[in-house]
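Note sheet for the following structure.
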Amino acid sequence: TERLLAKCLDLVAKHEHCSMEDYMKLPYPSAEMYNMTISALAKSSSKNAAQRAIALLELMSQEHHRNLTWISEQDVDEKDYIVRSPRPDIINYTTVMNSYCKSGTKHGIKQAQAMLEELEHLSGVSQKLTDDTENRIETPLLYLTPDEACYNAVITGWARSPHHDAPTHIERLLQRMDALHECTGDSRFQPDNRSFHMLITAYAKSVQQKGGNNEASVQAAISAENVLCAMYQRYSDSTNDNNDETLVKPDVMVYNSVLNAWAHTGTADGARRAESILFGLLGKPSRKIHDFPIVEDVLPNTVTFNTVINAWAKSGDGDAGYRSEKLLDVMSSCDIRPNTITFNALMNAWSHSKAPDAGERIESILRYMLEQGGDVKPNVISFSTAIFGWGRSPDDNGAVRAELLLEEMERLYNESKEEALKPNESCYEGVILSWLHRSGNGNQYNGSYAAERAEAVLKIMKNKGQPAPGLKQYNRVLNAWLKHGSTGAKEGPNPVNRARLLLTEMSSNTTEDRDAKRSVAPSTTPDVFAYNYVIATCALATETADGRREAFFTAVDTFNRLCKSKDCDPNNHSYRMMFDVCVNLLPRFSDSQTDLMEKLFKECCKDGLLSNDIVRTTQQHLSPSLMQEILGPGVNVHKKKRIFIRDLPDAWSRFFGKRRQSR
């Protein structure tokens with residue numbers, strides 16, 4: 001559409017000095033053409049779509065003035081009737097504001113808000129709420145008066161923005177709309193259902209941003225509920241006044257948004273409140289919240305039940321699975337059909353419950369979905385949820401069952417080629433996590449330890465390449481080998497060797513990707529956690545003298561690589577693990593132990609990562625004279641008196657417990 005618009009303008013420019021008869025035949029772009037082009041940009045995912053949209057708006061204004069200038073020079077009557085180039089109207093501006101809001105940039109919504117305020121100024125609307133005479137417009141452009149669609153564009157933009165104060169901005173806009181409606185009586189300024197719905201959506205998003213399961217998130221959910229109550233009051237007042245033109249009436253989408261806010265609180269109380277609202281909509285007064293506003297002709301739908309089931313899934317309540325099963329029964333009795341999302345939420349509820357048979361229940365739900373198909377046909381989320389469910393299960397064979405589900409999923413995808421059944425990173429991640437959870441029990445599964453099975457899944461991901469393993473998956477497997485090492489198993493693979501090889505593989509993957517200049521595969525560049533897992537695994541290798549020697553050199557080499565890394569720095573845990581290496585792998589009070597611990601202590605102080613644990617370990621293994629030399633004469637180093645970091649210079653522990661700046 002941009003090219004077509006440009007072609008039309010090019011033809012107009014080439015015949016700029018034509019006769020009036022030819023002028024009327026020129027293909028001037030219409031207002032609809034401009035608006036369609038701007039609208040297409042607003043819907044696109046291009047990063048510069050908003051800038052291109054505002055450029056079109058400016059072009060439209062320039063062409064209009066250019067057309068007016070040309071007509072004013074012509075010797076014709078009724079000049080206003082032959083203006084061919086349209087001027088920007090409120091619809092064009094609203095579309096540009098939508099483009100700003102959908103730009104995906106943090107400042108997009110602020111630019112849309114600024115444009116709205118500019119329209120209020122140009123149209124004289126802002127003058128109605130202020131006595132400011134200095135900035136008064138002598139000839140207001142009434143055709144640019146913002147309407148409810150214009151305000152709702154900005155309100156929607158705030159609701160979908162990442163800004164934590166979005167609800168506050170929306171409330172101010174609603175108050176402004178009410179004030180304008182009150183002083184002008186113009187219905188264009190009156191908030192409608194969408195206005196309030198977006199405020200509730202913003203509060204629901206705010207609950208999610210606050211992390212859930214805290215007082216701030218609960219207060220945000222209460223605020224969302226209060227908005228619904230305010231909507232109901234407006235609706236009730238207009239009904240009592242016999243006003244058929246009311247713009248506000250809570251519908252099922254509004255109620256669903258309030259339920260979503262309670263679901264995001266992640267608490268059992270939030271789930272109970274959501275369930276009570278649902279029963280209120282069902283007309284069951286014995287189970288609804290007292291004095292909560294319910295519109296009689298609003299009935300719950302599938303989304304309503306899905307949201308409440310999801311609330312139980314997020315609640316962490318031990319009975320979440322049972323409560324969700326009962327809601328499914330109620331759903332059936334109300335003749336409301338469940339869908340795939342319903343059963344996914346139900347499986348998720350069982351997955352987070354404490355029921356000993358949760359894994360079996362989840363898989364039975366998945367089997368039912370496979371059998372029924374249609375609207376409840378399972379997708380990748382269904383399988384992923386079932387895999388994670390088995391991973392969280394207390395059943396020792398849970399990881400085996402999770403891996404079998406992944407294999408079945410791969411088979412189904414290979415047979416059907418349905419994208420909805422293609423295993424993604426989350427599915428493989430779930431199986432790796434399942435083995436990680438069992439890697440510290442020392443058990444074997446079909447002749448392999450859990451850490452081996454976790455690494456085998458990682459290798460499958462690497463060989464397939466779709467999805468390719470990333471840093472998270474490698475770190476999970478490294479953690480599995482650490483847990484395996486903590487069991488003290490004398491047989492089977494050497495955890496130190498396996499961890500060292502994985503770390504080397506991670507670095508080589510990164511080098512290959514950089515050499516090939518590829519960015520499709522996820523990064524496997526080792527982070528501080530990866531290095532720490534390897535060092536911690538080495539610290540546990542105390543079985544044999546040869547094993548301790550190999551583990552010691554591996555730990556020192558890993559720590560040195562971490563210190564030289566351009567991608568991360570050692571943290572307090574890195575130093576703590578290295579002190580454990582010194583204590584566990586070197587002869588007590590030997591010169592090698594003393595020298596390394598002294599060096600580590602000084603480097604730790606230099607990096608500002610000293611902690612009480614490190615001070616205590618150093619005090620226990622270094623002589624008082626050496627401690628006195630290191631700490632200085634102002635510190636009492638008597639072994640019976642414990643030294644704390646508060647007794648030492650603040651600079652030595654300046655980054656302990658804080659995010660450290662890169663070197």
Side-chain angles (χ1 to χ4, degrees), residues 351 359 362-363 366 378-393 395-414 421-487 489 492-495 497-510 520-527 529-530 533-534 537:
S351 176
I362 292 170
E363 186 161 339
L366 182 65
N379 55 20
V380 65
I381 297 175
S382 312
F383 275 92
S384 177
T385 305
I387 288 170
F388 274 92
W390 271 119
R392 297 187 182 102
S393 169
D395 191 326
D396 190 47
N397 286 319
V400 176
R401 300 289 292 270
E403 195 168 292
L404 288 173
L405 281 178
L406 178 60
E407 291 173 358
E408 180 178 355
M409 190 180 184
E410 290 175 332
R411 178 181 58 80
L412 289 172
Y413 171 70
N414 290 332
L421 293 175
K422 184 178 182 180
N424 61 9
E425 180 184 328
S426 180
C427 298
Y428 290 95
E429 169 84 1
V431 177
I432 291 174
L433 268 176
S434 300
W435 288 118
L436 169 60
H437 294 329
R438 291 158 178 82
S439 57
N441 61 20
N443 295 340
Q444 288 188 335
Y445 302 86
N446 296 328
S448 300
Y449 289 100
E452 289 182 276
R453 299 289 288 267
E455 187 172 339
V457 177
L458 184 76
K459 298 300 182 188
I460 292 173
M461 292 183 72
K462 185 174 182 181
N463 291 336
K464 288 193 171 184
Q466 295 268 340
L471 176 62
K472 185 193 299 184
Q473 288 76 41
Y474 274 97
N475 279 353
R476 301 288 196 203
V477 178
L478 286 172
N479 193 11
W481 281 117
L482 169 60
K483 287 192 171 187
H484 179 73
S486 68
T487 65
N494 184 335
N497 286 340
R498 299 298 278 267
R500 175 176 54 81
L501 291 172
L502 278 172
L503 188 66
T504 302
E505 184 177 300
M506 293 170 72
S507 300
S508 64
N509 288 346
T510 302
V520 176
S523 172
T524 63
T525 303
D527 61 3
F529 297 102
Y533 283 135
V534 178
T537 304

**Asked** Is there side-chain contact between Val380 and Met409, with at least one heavy-atom pair below 4.5 Å?
**Response** yes
**Item:** For Thr504, side chain to side chain donor-acceptor pair (under 3.5 Å) partners two or more places apart
**Value:** none
**Item:** Nearest-0.5 Å distance, CG of residue Leu421 to SG of residue Cys427
**Value:** 10.0 Å
**Item:** Heavy-atom pair of closest approach, residues Pro493 and Arg498
**Value:** CB-NH1, 3.2 Å
**Request:** With the side chain counted from C-beta on, respond yes when Val534 and Leu478 share a heavy-atom pair under 4.5 Å apart, and no when they do not.
**Result:** yes
**Request:** List for me each residue that meets salt bridge (Lys or Arg N to Asp or Glu O under 4.0 Å) alongside Glu425, sequence neighbours excluded, and say none if there are none.
**Result:** none
**Asked** Applying the side chain to side chain contact (heavy atoms under 4.5 Å, CB included) test to Glu455, which of Ile460, Val477, Ile432 qualifies?
**Response** Val477
**Complete:** Leu366 and Pro378 have their tightest heavy-atom pair at CD1-CB, 3.8 Å
**Check: Glu403 side chain, Val400 main-chain N or O, donor-acceptor pair, under 3.5 Å** = no
**Message:** Suppose we screen for side chain to side chain donor-acceptor pair (under 3.5 Å). Which residues come up paired with Tyr474, at least two apart in sequence or across chains?
**Reply:** Glu505, Asn509
**Asked** Would the number of heavy atoms belonging to other residues, nucleotides or ligands and lying under 6.0 Å from NZ of Lys472 be above 12?
**Response** no
**Request:** Could you tell me which residues satisfy side chain to side chain donor-acceptor pair (under 3.5 Å) with Asn441, sequence neighbours excluded, listed by chain and number?
**Result:** Asp396, Tyr445
**Message:** Applying side chain to side chain contact (heavy atoms under 4.5 Å, CB included), can you list everything that pairs with Phe529, at least two apart in sequence or on another chain?
**Reply:** Asn475, Asp527, Tyr533
**Fill in**
side chain to side chain contact (heavy atoms under 4.5 Å, CB included) with Pro469: of Lys459, Met506, Lys464, Met461, only one passes, and it is Met461
**Asked** Within the side chain of Ser507, is there an N or O that forms a donor-acceptor pair under 3.5 Å with the backbone of Leu503?
**Response** yes
**side chain to side chain contact (heavy atoms under 4.5 Å, CB included) against Pro495, all qualifying residues, sequence neighbours excluded** = Trp481, His484, Thr537
**Fill in**
salt bridge (charged side-chain N to carboxylate O under 4.0 Å, His left out) pairs touching residues 429-446, sequence neighbours excluded, are Glu429-Arg476
**Request:** Please examine the side chains of Pro423 and Phe383, heavy atoms only from C-beta on, and report whether any two atoms are closer than 4.5 Å.
**Result:** no
**Prompt:** For Thr385, which residues count as a side chain to side chain contact (heavy atoms under 4.5 Å, CB included) partner, sequence neighbours excluded?
**Reply:** Met347, Asn348, Ile381
**Leu458 CG to Tyr428 OH distance, which is reported to the nearest 0.5 Å** = 11.5 Å
**Message:** I'd like to know whether Arg453 forms a side chain to side chain donor-acceptor pair (under 3.5 Å) with Ser448, so could you lay out the CA-CA distance, the side-chain angles of the two residues, the decisive distance to 0.1 Å, and finally the verdict.
**Reply:** CA-CA 7 Å; Arg453 299 289 288 267; Ser448 300; 5.3 Å; no
**Asked** Can you find a pair of side-chain heavy atoms, one from Ser439 and one from Trp435, that are under 4.5 Å apart?
**Response** no
**Message:** Tell me every residue that passes side chain to side chain contact (heavy atoms under 4.5 Å, CB included) with Glu408, counting only those two or more places apart in sequence or in another chain.
**Reply:** Arg367, Leu370, Leu405, Arg411, Leu412
**Request:** Heavy atoms only: give me the nearest Trp390-Gly398 pair and the separation to one decimal.
**Result:** CB-O, 3.4 Å
**Request:** Kindly write out the residues that satisfy salt bridge (Lys or Arg N to Asp or Glu O under 4.0 Å) with Arg500, not counting sequence neighbours, or none if the list is empty.
**Result:** none
**By side chain to side chain donor-acceptor pair (under 3.5 Å) - contacts of Asn424 (at least two apart)** = none
